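Since the structure comes first, as structure tokens, the remarks are kept for the end.
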Amino acid sequence: MNQSMNEPPSKKLDNLRAGVLSEMFSFMTKSEEDMERTFAIIKPDAVERKLAGKILDRIEAKGFSIVGMKKIKLSREQAEGFYYVHKARPFFNDLCAFMSRSPVIVLCLEKENAIADWRTLMGATNPANAEPGTIRKDFAVNIEENSSHGSDAPETAAFEIPYFFSTLELV
Ligand code: CMP
């Protein structure tokens, strides 16, 4: 015979409540586990044209939490270190000159599916190929001065976030 059938009604209720709470707790834990962080830059072309506020507005409207943010001016060496994976590409020198010509805003963003969702919000690298309503379609100048950057994978985010932020700066 099922053990629970011998239990008094109040005990059954307790067990039911415990089961429901357990389900809720696992949902909350799962939700926390599913949180993802990505790294983002509002690039010099956008900061120069005073578009940072509009871009931050879109970021928050899409449900990202800004867990780190600062305005900095990259040195040429810092830009080269950040874009090291592109060092063999023909656009590398121009890209590093552009990224170090004036201040940028660096961000650490958090939400479920943050990496993919931020890339969707930015749109394609080349604004000519970007979907309407994306940041690059609406704001970018060209494929290089494309207003924003985002990590393309968890391993990339794991390099890019600590390149600019210490743990104490992520809240
Ligand atoms: P980002 O997402 O920051 O990643 C690398 C950057 O290189 C990219 O955005 C562009 O700014 C730049 N980039 C990529 N492809 C080209 C290209 N074909 N010509 C010039 N710049 C490029």
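For ligands, and for the atoms within them, numbers begin at 1 and follow the listed sequence. Source: prediction; values computed, not measured.
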Numbering as shown, the atoms of ligand 1 that approach [X] to under 4.0 Å (heavy-atom distance):
X	result
His86	5 (C)
Tyr83	1 (P), 3 (O), 4 (O), 5 (C)
His149	1 (P), 2 (O), 3 (O), 4 (O)

Legend entry - Proximity to ligand 1 by part of Arg136, non-hydrogen separation under 4.0 Å: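 Only the side chain of Arg136 comes within reach of ligand 1.
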
Inset, instruction - Provide the closest heavy-atom pair for Pro103 versus Lys71 in the form atom of the first, atom of the second, distance. - result: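 Of all heavy-atom pairs spanning Pro103 and Lys71, the closest is CB-CE, 3.7 Å.
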
Legend entry - Minimum heavy-atom distance Met35-Glu110, with the two atoms named: SD-CG, 4.1 Å

Could an N or O of ligand 1 be found under 3.5 Å from any N or O of [X], whether backbone or side chain?
X	result
Thr125	no
Glu145	no
Ser148	no

Legend entry - side-chain contact (heavy atoms from CB on, under 4.5 Å), paired with Gln78, selected from Phe164, Tyr163, Tyr83: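 Going through the options one by one, the only one that passes is Tyr163.
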
Inset, instruction - Run the ring-centre check on Phe82 versus Phe39 and record whether the distance is less than 6.0 Å. - result: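 Aromatic pair counts; centres sit under 6.0 Å.
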
Inset, instruction - Please state whether Phe98 comes within less than 4.0 angstrom of ligand 1, counting heavy atoms only. - result: no

Legend entry - Arg119 to ligand 1, any heavy atom closer than 4.0 Å: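 Contact check Arg119 vs ligand 1: negative.
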
Inset, instruction - Just go through Met99, Glu144, Arg89 and tell me whose heavy atom is the nearest to atom 11 (O) of ligand 1. - result: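 Selected option, by shortest heavy-atom distance: Glu144.
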
Which residue supplies the protein heavy atom nearest to [atom], what is that atom called, and how far is it?
atom	answer
atom 20 (C) of ligand 1	Phe91 CB, 3.5 Å
atom 19 (N) of ligand 1	Ile143 CG2, 3.6 Å
atom 9 (O) of ligand 1	Lys43 NZ, 3.0 Å
atom 6 (C) of ligand 1	Leu95 CD2, 3.8 Å

Inset, instruction - For salt bridge (Lys or Arg N to Asp or Glu O under 4.0 Å), just list the numbers for Asp138 and Lys54, CA-CA rounded to whole Å, side-chain angles, deciding distance to a tenth of an Å, and then say yes or no. - result: CA-CA 11 Å; Asp138 292 347; Lys54 287 194 171 71; over 6 Å; no

Inset, instruction - Quick one: do Lys111 and Asp117 satisfy salt bridge (Lys or Arg N to Asp or Glu O under 4.0 Å)? Show the steps, please. - result: CA-CA 9 Å; Lys111 79 187 283 290; Asp117 286 358; 2.4 Å; yes

Legend entry - Neighbour count >12 (heavy atoms, 6.0 Å) for atom CD, Glu169: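 Yes, the 6.0 Å shell around CD holds more than 12 heavy atoms from other groups.
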
Legend entry - Min side-chain heavy-atom separation His149-Lys43 under 4.5 Å: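 Answer yes - side chains close enough.
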
Inset, instruction - Report yes if some heavy atom in the side chain of Asp45 is under 4.5 Å from a heavy atom in the side chain of Arg101; otherwise report no. - result: yes

